[in-house]
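Since the structure comes first, as structure tokens, the remarks are kept for the end.
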Amino acid sequence: MAIVAKPSRFSKYGRPTVAWVVGLLFFFPIFWMVLTSFKTDADAVKPEHLIWFTPTLENYLNMTENYDYWRFAKNSVITAVFATAFTLVVGIPCAYAMAFNPSKATKDVLMWMLSTKMLPAAAVLYPMTFLTKSAGLFDTHFLIILVLSLINLPIAIWMLFTYFKEIPKDIIEAGQMDGVSTMGEIKEILIPLAWGGIAATALLVFIFCWNEAYWTVRLTTTDAATLSKLIEGNRAPEGLFFGRLSAVSAAAVGPIVVLGWFCQKQLVQGLTFGAVK
Amino acid sequence: MSDRKLPRLLQSPAVLLLLVWMLIPLGMTLYFSFIRYVLNSLRRPEWTSPSLSNWRGFGNYEFVLKSKDFLFAIQNSLFIVCSILILTVILGVLIAVLINKTFPGQGIVRVLLISPFFVMPAVNAVLWINMILDPVLGLQGIAIGSINDLIDGLRAAPGVGWFFSLWPELEPISFRATQTSAYAVIIMVTWQWTPFAVLIFMTSLQSEDQQQKEAAVLDGASPWSQFRFLTLPHLARPIAIVVMIQAIFHLSLYAEIEIVSRGTGNKNLPYLIGEFANNNIGAASATGIFAVILANIVAFFLLRMIGKTLME
């Protein structure tokens, strides 16, 4: 390198210090929630036990008793897993067709799909309640899986499309020469080649499904209620249950936060539809 | 056997599903917005089932426009969205530039920073409004309480007592109150989405032209003008994308508003629709159509702005 700029004192000590402070500040609320989850409900609101307290696991051990945590967690897992799977089953063929057999309308269709995301959910709240109640689907796993798939389908198709576009067309066309059927092409050529992109899409869709808090709250009562509904139902503990509420909250977000750490890069590509690399 | 037609057909399940998902409920909303339709009415039981004979024309729209909450809900929706956008973009650019250079523990700082983005909105709201912002039992209350205790102690102290006896007693802010609940929502959503902005800006900064930067340094450009004339223009596109994606998400904020104050003093359009939908479906539907129009206006400008870059 031609020039070696003398590192200023700021870039040597100041920058890392400020960066660490900012990082810790942003993480602090999560840290605080986890810390509070190890306090008894009584200790959690006592200033003298703010930092020094006798840690206890009782909030975690009593999660079933206090909140019926596992029933809601089971619903969250079932709906998020099946919704992710269904989104991929519908999304992969669609993105495949768009990437390798585009028509003039493909771009418009993609833009239209994105625009369905901008439709405010609240605008169709009553019709959805009405339709699902009259079809007997209200508060069922099937309904929540379907709705979660539909709201994530546009983003999934966009993501898959951007990944598929990067695969050289020749490889797919070589398969066509050899007389492989379209379904065979998807199964034997496309999916193995785009495995990383598909996994990233699945991960992101799963996170969105897990965190969704409009339809899962409004279209369920008990049977299909997810963790969002559980937390929303305990919104105002008035200081009585800070300990146990922190524990159940930490248990609700813990798995997803850890999962999120592993897919930061894919998140950027996915959420910006490949426009930022 | 050739099955060249099949590939195009493969799009149809997704397209059909989205079409049905969009058109049927939206069509019903449109229909309900033109009729008198309430869930409970002892006086006019015929209004409790949707029927063309209850046609009301634009009456529901008029009713909504005249209701006292409607204009406030639009103003409040835009206030919340714009505040969050300004805060997240400014903080996002600053933090991204700050942590873009290598330093010890950069990876850990990144992980710490991105974590809030994965916290589910319901937990985010419950955590902030109770454990942190509560004026008595939250960290805010505890912090202000202990500062007041400290000042009380200093009042009795010899030498400085005369000074602190005129010191004001600090009042904690209640974030569940009328106007402050909007601030609480802005704080918690900004906390959640700044990491997203940071992540995208950082990814973009890594593709910044380093040679250009070195040339600028050689020419004696100050760090500020490097930032102003090289970094900021480079970030224009990611900023546009961050603005668009967040606008989509935040125009339909709901869980946070519900949890913070059940909408007291802090209704946005989705919340107002939910309230009307408790009984007056006609009004809820008309408000829904207004929300669709608002979202379309925003989407139109945003897609115009960045639609092309997405397609490249």
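No experiment lies behind these values; they were computed from the predicted model shown. The sequence lines fix the lettering, A, B, ..., with proteins before strands; numbering per chain opens at 1.
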Revision key, fill the gap. Turns out that what part of B:Leu26 lies under 4.5 Å from chain A's heavy atoms comes down to both
Check your understanding: Sub-3.5 Å donor-acceptor pair from the side chain of A:Ser249 to the main-chain atoms of B:Val123, do we have one?
Key -> no
Review point. Tell me, side chain or backbone of A:Ile186 under 4.5 Å from chain B's heavy atoms, or both, or neither?
Key: side chain
Study note, to complete from the structure: If one checks every heavy atom of B:Leu139 against chain A at 4.5 Å, the contacting part turns out to be side chain
Exercise for review: Apply the side-chain contact (heavy atoms from CB on, under 4.5 Å) test between A:Val22 and each candidate in B:Leu94, B:Leu113, B:Val109; give the one that qualifies.
Suggested key: B:Leu113
Point to revise | chain A contact via B:Leu17 - which portion, at a heavy-atom distance below 4.5 Å | key: both
Practice item. Under 4.5 Å heavy-atom distance to chain A, tell me which part of B:Glu258 shows up: side chain, backbone, both or neither. Key: both
**Study point:** Check: A:Asn211 and B:Pro121 side chains under 4.5 Å, non-hydrogen atoms
**Key:** yes
Revision key, fill the gap. Bottom line for B:Leu18: the part with an atom under 4.5 Å from chain A's heavy atoms is both
Check your understanding: Given a strict heavy-atom distance threshold of 4.5 Å, which part of A:Ser246 is in contact with chain B: side chain, backbone, both, or neither?
Key -> both
Point to revise | Residue A:Ile207 versus chain B: region with a heavy atom under 4.5 Å | key: side chain
Check your understanding: Which answer fits B:Leu19, side chain, backbone, both or neither, if we ask what part of it has an atom under 4.5 Å from a heavy atom of chain A?
Key -> both
Review point. Checking B:Ile132 against chain A: side chain, backbone, both or neither under 4.5 Å from a heavy atom?
Key: side chain
Revision key, fill the gap. If one checks every heavy atom of B:Ala291 against chain A at 4.5 Å, the contacting part turns out to be both
Practice item. Just say parallel, tilted or perpendicular for the rings of A:Phe208 and B:Phe249, cut-offs at 30° and 60°. Key: tilted
Review point. Contact part of A:Tyr126 toward chain B, heavy-atom cut-off under 4.5 Å: side chain, backbone, both or neither?
Key: side chain
Exercise for review: Kindly indicate, with the supporting measurements, whether the criterion side-chain contact (heavy atoms from CB on, under 4.5 Å) is fulfilled by B:Asn130 and A:Arg235.
Suggested key: CA-CA 8 Å; B:Asn130 292 304; A:Arg235 66 175 80 82; 5.9 Å; no
Review point. Side chain, backbone, both or neither: which part of A:Trp20 has a non-hydrogen atom closer than 4.5 Å to chain B?
Key: both
Study note, to complete from the structure: Under 4.5 Å to a heavy atom of chain A? For B:Ile281 that would be side chain
Review point. For A:Trp210, is it the side chain, the backbone, both or neither that has a heavy atom under 4.5 Å from a heavy atom of chain B?
Key: both
**Study point:** Part of A:Phe28 lying under 4.5 Å from any heavy atom of chain B
**Key:** side chain
Exercise for review: Check whether B:Ile108 gets within reach of chain A through its side chain, its backbone, both or neither, counting any heavy atom under 4.5 Å.
Suggested key: side chain
Review point. With a 4.5 angstrom heavy-atom cut-off, which part of B:Ile95 approaches chain A: side chain, backbone, both or neither?
Key: side chain
Review point. For B:Phe196, is it the side chain, the backbone, both, or neither that has a heavy atom closer than 4.5 Å to a heavy atom of chain A?
Key: side chain
Review point. Where does A:Thr87 contact chain B at under 4.5 Å (heavy atoms): side chain, backbone, both or neither?
Key: neither
Check your understanding: Where does A:Phe262 contact chain B at under 4.5 Å (heavy atoms): side chain, backbone, both or neither?
Key -> neither
Practice item. Tell me, for B:Val242 versus chain A, whether the close heavy atoms (under 4.5 Å) come from the side chain, the backbone, both or neither. Key: neither
Practice item. Give me the one residue out of A:Ile30, A:Val258, A:Ile256 that meets side-chain contact (heavy atoms from CB on, under 4.5 Å) with B:Phe118. Key: A:Ile256
Practice item. Evaluate the side-chain contact (heavy atoms from CB on, under 4.5 Å) criterion for residues B:Trp21 and A:Met128: first the C-alpha distance (whole Å), next the side-chain angles of each, then the deciding distance (0.1 Å), finally the verdict. Key: CA-CA 10 Å; B:Trp21 163 242; A:Met128 282 301 290; 3.5 Å; yes
Practice item. Answer with side chain, backbone, both or neither: which region of B:Leu205 has an atom nearer than 4.5 Å to a non-hydrogen atom of chain A? Key: neither
Practice item. Examine whether an atom of A:Val257 lies under 4.5 Å from a heavy atom of chain B, and if so say whether it belongs to the side chain, the backbone or both; otherwise answer neither. Key: both
**Study point:** Heavy-atom proximity to chain B below 4.5 Å, by part of A:Phe31
**Key:** neither
Check your understanding: Quick one: does A:Asn234's side chain get under 4.5 Å of B:Val126's, heavy atoms only?
Key -> no
**Study point:** Engaged part of A:Leu50 at the chain B interface, taking heavy atoms whose separation is under 4.5 Å
**Key:** side chain
Review point. Heavy-atom distance under 4.5 Å to chain B: side chain of A:Ile157, backbone, both or neither?
Key: side chain
